[in-house]
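For this chain, numbers begin at 1 and follow the sequence in order. Hydrogens, waters and symmetry mates play no part in the numbers below; they use all other heavy atoms, side chains included.
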Amino acid sequence: MSASVNAVVYCEGLFGKLDGKTANGLVRHSEKYEILSVVDSTCAGEDAGLILDGIPNSIPLLASVDQAIAVAGFMPDTLILGMAPTDGLLTDSQRAVLLDAIGRGMNLVNGLHEYLNDDAEFAAAALVSGVTIADIRRPKGIKELRLFSGRIFDVTCPRIAVLGTDGSVGKRTTATLLTRALNDQGIRAVMVGTGQTALIQGARYAVALDATIPQFCSGEVEAQVVAAFEEEDPDVIIVEGQGALSHPAYLSSGAILRGSRPEGVILQHAPGRVMLGDFPMMPMPTAASEIALIEAFSDTTVIGVTINHEGLTNAELDDTISEHEAELELPVTDPLTRPSQDMVDMILLAFPELALGTTAALVGLADTAPLASVGLARHRLGRHGKRPSASPGASALVS
């Protein structure tokens, strides 16, 4: 899908931070929109890619919507709210900016839990200006929602979920990069999104899980995975995670595990965080504790760990990767600073059958065939030679 609609992303004061994750994601990847610029006066004048990943991408950070229009040289089609605050609500100053953009004739894309089409002021402004407001998190009607049906058992290709140890830890970015890397190797991979950012990016298979009635969450995930399988005939399906299974506030990981029934899990972890991002009263779990919880909760196996390098120097990142590999006896990499081949190898160690008949077989897989066989055996039987069983402590945590 090629981007056909241009857009400015509004992310005042939050670009590159946890609650700016929608803007961060759109700067890294967007199939639906051509991102013209990002509005954040606190880092105006910088390149968005340079701020985010240390690699320029020619998307400018600007001080205001006025400046974004001036730099574009025309009226952009759309203003996208690039913030994802925990409470999902607008401040008065943010309302003013969005209403001004509507008044100028820009369509609005809103990923918050606050539905702006239901707001009389926004609805009237959109009507007068002849523009649309897209409330991405608005759930489907009750008659359209799907319960878990068991159709997931008809999906014969591997499903791999990218779960995490916290919210806003990089799960979607890792899932996106992994899907791209697998396809580049000739392995047909499809990503299923589970949050508002994936929907805004243009994901064909996605659901805003945290805005879905809990009873239907696992069924909605299942339905998206089944649709991806039936319509794309992929070799593998990558499922974006949400929050963390251990997180005290977010419940989506449980529905993702139940609905997609993944045969493997990649765990995204930020070892530089001491406390949960938006919940400073709660300590971060370790990768080991989260793996134990995931494997106790679901009939699956964690096949690798990906590191979010925030707060780490290059030397600390090197040490962290080595330490986690030694402790967990799993492959570990950083998706943003290490070669994408590391993630592909992580998948092939657990699912070597994916390399057959693809260009991936030409990337030295023959040299790692013994490791691949071990990886597959570990995946099928669990890391200790048997299917994981819940320990008393882990059972208490998920009850």
ask   = Checking side-chain hydrogen bond (donor to acceptor under 3.5 Å, both in side chains) for the pair Thr179/Thr176: CA distance, chi angles, key distance, verdict?
value = CA-CA 5 Å; Thr179 302; Thr176 301; over 6 Å; no

request  = Start with the C-alpha distance between Glu232 and Arg188, add both sets of side-chain angles, then the distance that settles salt bridge (Lys or Arg N to Asp or Glu O under 4.0 Å), and finish with yes or no.
outcome  = CA-CA 9 Å; Glu232 305 290 340; Arg188 297 190 306 278; over 6 Å; no

request  = Evaluate the criterion side chain to side chain contact (heavy atoms under 4.5 Å, CB included) for residue pair Leu178 and Ile266; output intermediate values, then yes/no.
outcome  = CA-CA 10 Å; Leu178 174 59; Ile266 291 174; 3.7 Å; yes

task = Determine, step by step, whether Glu222 and Ser260 satisfy the side-chain hydrogen bond (donor to acceptor under 3.5 Å, both in side chains) criterion, reporting the C-alpha distance in whole Å, the side-chain angles of both residues, the deciding distance to 0.1 Å, and the verdict.
result = CA-CA 5 Å; Glu222 178 192 43; Ser260 68; over 6 Å; no

inquiry  = For a side-chain hydrogen bond (donor to acceptor under 3.5 Å, both in side chains) check, start with the C-alpha distance between Thr132 and Asn107, then their side-chain angles and the critical distance, and finish with the verdict.
reply    = CA-CA 5 Å; Thr132 62; Asn107 298 305; 3.3 Å; yes

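Residues Asp66 and Ser64 bring no donor and acceptor atom of their side chains to less than 3.5 Å of each other. Judged by distance alone, the side chains of Thr333 and Thr306 never bring a donor and an acceptor atom under 3.5 Å apart. With 3.5 Å as the limit, one finds no donor-acceptor pair spanning the side chains of Thr212 and Glu220. When only modelled atom types and interatomic distance are considered, His269 and Thr165 share a side-chain donor-acceptor pair under 3.5 Å. Side-chain contact annotation: Ser298 with Thr300, donor-acceptor N/O pair under 3.5 Å absent.
The shortest non-hydrogen separation linking Arg273 to Val169 is NH2-CA, 3.7 Å. Residues Pro335 and Met343 share a closest heavy-atom pair of CB-SD, 3.9 Å. In plain terms, the two heavy atoms of Ala255 and Leu209 that are nearest each other are CB-CD2, 4.3 Å. The shortest heavy-atom contact between Pro76 and Val8 is CG-CG2, 3.7 Å. For the pair Leu36 and Pro60, the tightest heavy-atom approach, listed with the atom from each and the gap, is O-CD, 3.2 Å. Across every non-hydrogen atom of Arg172 and Met191, the tightest pair is CG-CE, 3.9 Å.
Residues Phe15 and Val27 are in side-chain contact: their nearest non-hydrogen atoms beyond the backbone lie under 4.5 Å apart. Looking at Arg159 and Val265, their side chains never come closer than 4.5 Å, going by heavy atoms from C-beta outward. Under the 4.5 Å side-chain criterion, counting only non-hydrogen atoms from C-beta, Gln215 is in contact with Leu147. In this structure, the side chains of Asp278 and Asp166 stay at 4.5 Å or more apart for every pair of heavy atoms. Val9 places none of its side-chain heavy atoms less than 4.5 Å from the side chain of Tyr33. Looking at Thr313 and Leu317, their side chains never come closer than 4.5 Å, going by heavy atoms from C-beta outward. Counting only heavy atoms from C-beta outward, the side chains of Leu26 and Gln201 approach each other to under 4.5 Å. Between Leu79 and Val109, the closest side-chain pair of non-hydrogen atoms is not below 4.5 Å.
Atoms CE and CG, on Met83 and Leu90 in that order, are 8.5 Å from each other to the nearest 0.5 Å. Of the inter-residue distances, the one linking Ile321 atom CD1 with Asp334 atom CG reads 6.0 Å to the nearest 0.5 angstrom. In this structure, CG in Leu177 is found 8.0 Å from OG in Ser340, a value given to the nearest 0.5 Å. One distance of note links CZ of Arg261 with CZ of Phe148; it measures 5.5 Å at 0.5 Å rounding. Atoms CG and CD, from Leu245 and Glu295 in turn, are 11.5 Å apart once rounded to the nearest 0.5 Å. Expressed to the nearest 0.5 Å, how far CD of Glu316 lies from CD1 of Ile307 amounts to 12.5 Å.
Taking 4.0 Å as the cut-off between side-chain N and carboxylate O, Glu310 and Lys17 do not count as a salt-bridged pair. A salt bridge between Glu231 and Arg204 is present, with a side-chain N of the basic residue lying under 4.0 Å from a carboxylate O of the acidic one. Ion pairing between a basic and an acidic side chain is recognised when a charged N comes within 4.0 Å of a carboxylate O; Arg180 and Asp184 show no such pairing.
Note on Leu199 and Ile133: separate hydrophobic clusters, where clusters join Ile, Leu, Val, Met, Phe, Trp and Tyr whose side-chain heavy atoms are under 4.5 Å apart, directly or indirectly.
For residues 236-246, the pairs satisfying side chain to side chain donor-acceptor pair (under 3.5 Å) are Thr194-Gln242, Glu240-Gln242, Ser246-Glu290, with sequence neighbours left out.
The environment of Leu251 atom CG is sparse: at most 12 non-hydrogen atoms of other residues, nucleotides or ligands sit within 6.0 angstrom. Within 6.0 Å of CG on Asp154 lie more than 12 heavy atoms contributed by other residues, nucleotides or ligands. The environment of CZ in Arg95 is crowded: more than 12 heavy-atom neighbours from other residues, nucleotides or ligands sit within 6.0 Å.
Other residues sharing a hydrophobic cluster with Phe279 under the 4.5 Å side-chain heavy-atom criterion for ILVMFWY residues are Tyr250, Leu276, Met281, Met282, Met284.
Residues satisfying the side-chain hydrogen bond (donor to acceptor under 3.5 Å, both in side chains) test with Asn57, not counting sequence neighbours, are none.
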